[in-house]
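Let me begin by presenting the structure, written as structure tokens, before commenting on it.
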Amino acid sequence: AKAAGGSVFTSYRPDMRDGLVERLELENDLRDALERNALRLHYQPTIDLDTNEVIGFEALVRWPHPTRGMINPLDFIPLAEATGLIVPLGKWVLHEACRQAVEWSTEAGGRPLKMSVNVSVRQFDQTDFAETVVAVLAETGMSADCLCLEMTESVLMTDTEANLEQLVRLKALGLTLAIDDFGTGYSSLAYLRRFPIDTLKIDRSFVERLGGVLTGDTALTDTIVRLGKSLGMATVAEGIEEFGQLAALREMGCGFAQGYYFSRPVPAAEAGRLFMEGADT
Ligand code: C2E
Ligand code: CA
Ligand code: CA
Ligand code: CA
């Protein structure tokens with residue numbers, strides 16, 4: 001069916017495949033990939049800036065497509081969100097990330113490993129999302145305090161009451177809740193205080209400017225780190241690429257970091273080695 005489907009398009013000009021047909025084809029392929037367990041996770045280490053240790057990872061989904069090569073999540077997460085496929089996809093990511101975290105932690109003699117998983121606002125919309133998380137923790141043997149759920153500011157700003165209730169339930173399980181890409185949305189301080197948030201992930205766009213000459217760029221990042229501290233939240237800087245950025249963030253008292261400077265997101269086998277190495281030093 002796959003091959004026949006492919007030949008249907010041969011009489012079309014390539015540009016006609018853009019748009020609806022392309023989307024439908026991609027949606028079918030994604031559904032297929034999910035069913036055949038063909039998606040993969042890559043892992044980017046999180047570094048504790050006090051100890052320089054790898055304390056855990058952020059799980060980032062990858063789609064090795066049979067004909068298009070590796071597809072970037074930014075090219076299929078929006079489609080998954082629009083079609084609702086994000087719900088089973090997100091559940092798969094959560095399950096696989098937890099399963100992997102337990103495996104590595106066990107191999108490292110029970111050394112704790114913090115696993116961060118990105119959660120779409122569409123997953124929060126599911127009234128049974130907290131139950132799904134409980135089920136995944138039970139199935140994988142993952143301890144709740146080792147799991148961090150990353151959500152964007154939109155979770156705080158849309159359907160506020162329902163999402164607040166959902167977050168309170170998740171928080172009660174003992175999970176860590178993080179705001180991803182912090183500073184790029186429009187959430188107010190009032191929201192931050194009202195929701196049970198533990199961690200602010202400072203968006204890469206702020207970190208990017210840290211090497212620069214404009215003092216205002218440093219001030220903004222400094223303000224976010226201070227804000228986090230004064231609210232009793234941990235701060236994680238994302239997208240560190242240069243030593244200068246790392247030094248500036250350390251100076252500000254930012255607690256944790258991720259970025260190409262330390263490591264790109266890597267396949268599971270390599271991430272496992274990074275975690276084991278970290279245990280020796
Ligand atoms: P994000 O959650 O903000 O993840 C960080 C992105 O920045 C990742 O891109 C990562 O590879 C990239 N990155 C990390 N360090 C650096 C750096 O030093 N420099 C630069 N230039 N980039 C860096 P990736 O893996 O392509 O993911 C893109 C986005 O897709 C993620 O942004 C997240 O919003 C979404 N995403 C990825 N996996 C999932 C998932 O399982 N579920 C959901 N809902 N969204 C996901
Ligand atoms: Ca993230
Ligand atoms: Ca982010
Ligand atoms: Ca981002």
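Counting convention: from 1, in listed order, for ligands and their atoms alike.
- Remark: Glu103 engages Arg99 in a salt bridge, criterion side-chain N to carboxylate O under 4.0 Å.
- Between Ala257 and Leu49 the shortest heavy-atom distance is CB-CD2, 3.9 Å.
- For the pair Arg194 and Tyr191, the cation does not sit on the ring face, since its NZ or CZ is not both under 6.0 Å from the ring centre and inside 45° of the axis.
- Using a 4.0 Å cut-off between a side-chain N of Lys or Arg and a carboxylate O of Asp or Glu, Glu270 and Arg273 do not qualify as a salt bridge.
- At least one N or O atom of Tyr260 sits closer than 3.5 Å to an N or O atom of ligand 1.
- Under 4.0 angstrom from ligand 1, there are no non-hydrogen atoms of Leu41.
- Screening residues 89-129 for ring-ring contact (aromatic ring centres under 6.0 Å, His included) gives Tyr43-Trp104, Phe57-Trp104, Phe124-Phe129 as the qualifying pairs, with residues at least two apart or on separate chains.
- Per-residue contacts place Glu58 under 4.0 angstrom from the following atoms of ligand 1 (heavy atoms of the residue considered): 2 (O), 4 (O).
- Against a heavy-atom cut-off of under 4.0 Å, Ser120 is close to the following atoms of ligand 1: 44 (N).
- With 3.5 Å as the limit, one finds no donor-acceptor pair spanning the side chains of Thr83 and Glu27.
- Ligand 1 does not have Arg264 within reach: every non-hydrogen atom of the residue lies 4.0 Å or more from it.
- Closest heavy-atom approach to atom 30 (O) of ligand 1 among the candidates Ser116, Pro78, Pro73: Pro73.
- Not a single heavy atom of His42 lies less than 4.0 angstrom from ligand 1.
- For the ligand labelled ligand 1, residue Gln258 lies outside the 4.0 Å heavy-atom shell.
- The number of protein N/O/S atoms found under 3.0 Å from the Ca ion (ligand 2) is 4.
- Of the N and O atoms on the side chains of Asp125 and Gln166, not one donor lies less than 3.5 Å from an acceptor on the other residue.
- Under a 4.0 Å heavy-atom criterion, Gly90 is not in contact with ligand 1.
- The distance criterion of under 3.5 Å between nitrogen or oxygen atoms is not met by Tyr261 with respect to ligand 1.
- When Gln44, Arg122, Glu241 are ranked by how near their heavy atoms come to atom 21 (N) of ligand 1, first place goes to Glu241.
- Between Ile202 and the options Leu220, Ile179, Val225, a side chain to side chain contact (heavy atoms under 4.5 Å, CB included) holds for only Val225.
- The nearest non-hydrogen atom to atom 46 (C) of ligand 1, considering only Leu39, Asn118, Leu60, comes from Asn118.
- In this structure, a donor-acceptor pair under 3.5 Å is present between the side chains of Lys114 and Thr176.
- In terms of modelled atom types and a separation under 3.5 Å, the side chain of Gln123 and the main chain of Ser120 share a donor-acceptor contact.
- By heavy-atom distance, the residue among Asp180, Ile71, Ile77 lying nearest atom 2 (O) of ligand 1 is Asp180.
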